[in-house]
Peer 1: 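Sharing a structure, written as structure tokens. Questions coming.
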Amino acid sequence: MGRILAIDYGKKRTGIAVSDPLKIIANGLTTIETPRLLDFLLDYVQKEKVETIVVGYPKQMNNEDSENMKRITPFVNTLKKRLPEIPICWVDERFTSVLAHQAIRDGGLKKKTRQDKALVDEISATIILQSYMESLRG
């Protein structure tokens, strides 16, 4: 059984989350500098079986694409060419950063930890993955 990998793509850094092999639990994996993302993913899929990649789809409140889509679309197109055997799905990522901040706050983490933007990105990717996995369960 393969894992599901989720990406919260950002201009500077990208949060990554993965499921367990049974696809029950979403776990934050890491945050990586975006210029290193493709190499990281290509290396990761060599080590772990990934059956689906989920990418956060950044929409504005009026349902239009956000500014970040100009960067995400070329990246996803490259990823599709490099990993044609792995399907790529989109998940609406509106509010994931808000939910990530709330989860950090509710977790009782210290202020310095709450301000860690890399942690927010990783948690956002986990929320994207959890949302996708819940949609599969119906």
Peer 1: Rounded to the nearest 0.5 Å, what's the gap from CD on Gln130 to OG on Ser19? Could you check?
Peer 2: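 Result: 10.0 Å between the selected atoms.
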Peer 1: Identify the heavy atoms of Pro74 and Met69 that sit nearest to each other, and give their distance.
Peer 2: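 Closest approach of Pro74 to Met69, heavy atoms only: CD-O, 4.2 Å.
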Peer 1: If you compare all heavy atoms of Ser131 against all heavy atoms of Val91, which two are closest, and at what distance to 0.1 Å?
Peer 2: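 Result for this residue pair: OG-CG1, 3.9 Å.
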Peer 1: Walk me through whether Thr52 and Cys89 qualify under side chain to side chain contact (heavy atoms under 4.5 Å, CB included).
Peer 2: CA-CA 7 Å; Thr52 305; Cys89 303; 3.8 Å; yes
Peer 1: Looking only at heavy atoms, what is the nearest atom pair of Lys80 and Ile88, with distance?
Peer 2: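 The pair with the smallest heavy-atom distance is CG-CD1, 3.5 Å.
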Peer 1: Are the side chains of Ile72 and Trp90 in contact, using a 4.5 Å heavy-atom criterion?
Peer 2: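 Yes; the side chains approach each other to less than 4.5 Å.
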Peer 1: Starting from the C-alpha separation in whole Å, work towards a yes-or-no answer on salt bridge (charged side-chain N to carboxylate O under 4.0 Å, His left out) for Glu33 and Arg13.
Peer 2: CA-CA 4 Å; Glu33 295 169 2; Arg13 71 193 158 275; over 6 Å; no
Peer 1: When rounded to the nearest 0.5 angstrom, what is the spacing between CG in Asp8 and OG1 in Thr126?
Peer 2: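 Reported to 0.5 Å precision, the distance equals 9.5 Å.
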Peer 1: Give a yes or no on whether Val54 and Leu136 share a hydrophobic cluster (residues Ile, Leu, Val, Met, Phe, Trp, Tyr; joining criterion: side-chain heavy atoms under 4.5 Å apart).
Peer 2: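 Yes, same cluster.
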Peer 1: How long is the gap from OG1 on Thr73 to CG on Asn77, to the nearest 0.5 Å?
Peer 2: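 With rounding to 0.5 Å, OG1 (Thr73) is 6.5 Å from CG (Asn77).
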Peer 1: State yes or no: do Met1 and Ile25 share one hydrophobic cluster built from I, L, V, M, F, W and Y residues joined by side-chain heavy-atom distances below 4.5 Å, directly or via other members?
Peer 2: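 Looking at the clustering, Ile25 is in the same group as Met1.
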Peer 1: Counting only heavy atoms not in Arg82 (residues, nucleotides, ligands), do more than 12 fall under 6.0 Å from its CZ?
Peer 2: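 No, because the 6.0 Å sphere around CZ of Arg82 holds 12 heavy atoms or fewer from other groups.
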Peer 1: According to the ring pair (Phe, Tyr, Trp, His ring centres under 6.0 Å) rule, which pairs have a member within residues 60-80, sequence neighbours left out?
Peer 2: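 Qualifying pairs: Tyr9-Phe75.
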Peer 1: Closest heavy-atom contact between Asn68 and Lys11?
Peer 2: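 Minimum heavy-atom separation between Asn68 and Lys11: OD1-N, 4.3 Å.
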Peer 1: If you compare all heavy atoms of Thr31 against all heavy atoms of Gly15, which two are closest, and at what distance to 0.1 Å?
Peer 2: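 Smallest heavy-atom distance, with atoms named: OG1-CA, 4.2 Å.
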Peer 1: To the nearest 0.5 Å, what is the distance between NZ on Lys12 and CG on Asp121?
Peer 2: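 Here the interatomic distance stands at 11.0 Å.
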Peer 1: Does a side-chain heavy-atom distance below 4.5 Å link Leu29 with Phe40?
Peer 2: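 The answer is yes, as the side chains (C-beta and beyond) meet within the 4.5 Å cut-off.
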Peer 1: Is Val45 close to Leu83 at the side-chain level, that is, under 4.5 Å between some pair of heavy atoms?
Peer 2: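 Heavy-atom side-chain distance check passes, below 4.5 Å.
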Peer 1: Under a 4.5 Å cut-off applied to non-hydrogen side-chain atoms, are Leu5 and Ile16 in contact?
Peer 2: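 Answer yes - side chains close enough.
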Peer 1: Under a single-linkage definition using a 4.5 Å side-chain heavy-atom cutoff for Ile, Leu, Val, Met, Phe, Trp and Tyr, are Leu42 and Ile86 assigned to the same hydrophobic cluster?
Peer 2: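 Yes, Leu42 and Ile86 fall within the same hydrophobic cluster.
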Peer 1: Looking at every heavy atom in both Leu129 and Ala17, which two are closest together, and how far apart are they?
Peer 2: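 Smallest interatomic distance, heavy atoms only, reads CD2-C, 3.9 Å.
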Peer 1: Step by step, would you call Ile128 with Asp92 a side chain to side chain contact (heavy atoms under 4.5 Å, CB included)?
Peer 2: CA-CA 8 Å; Ile128 290 166; Asp92 187 343; over 6 Å; no
Peer 1: With a 4.5 Å heavy-atom cut-off, do Ile53 and Ile4 have their side chains touching?
Peer 2: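 Counting from C-beta outward, Ile53 and Ile4 never come under 4.5 Å.
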Peer 1: I would like to know whether Lys23 and Tyr132 meet side chain to side chain contact (heavy atoms under 4.5 Å, CB included); could you show each step before the answer?
Peer 2: CA-CA 11 Å; Lys23 294 179 256 342; Tyr132 176 76; over 6 Å; no
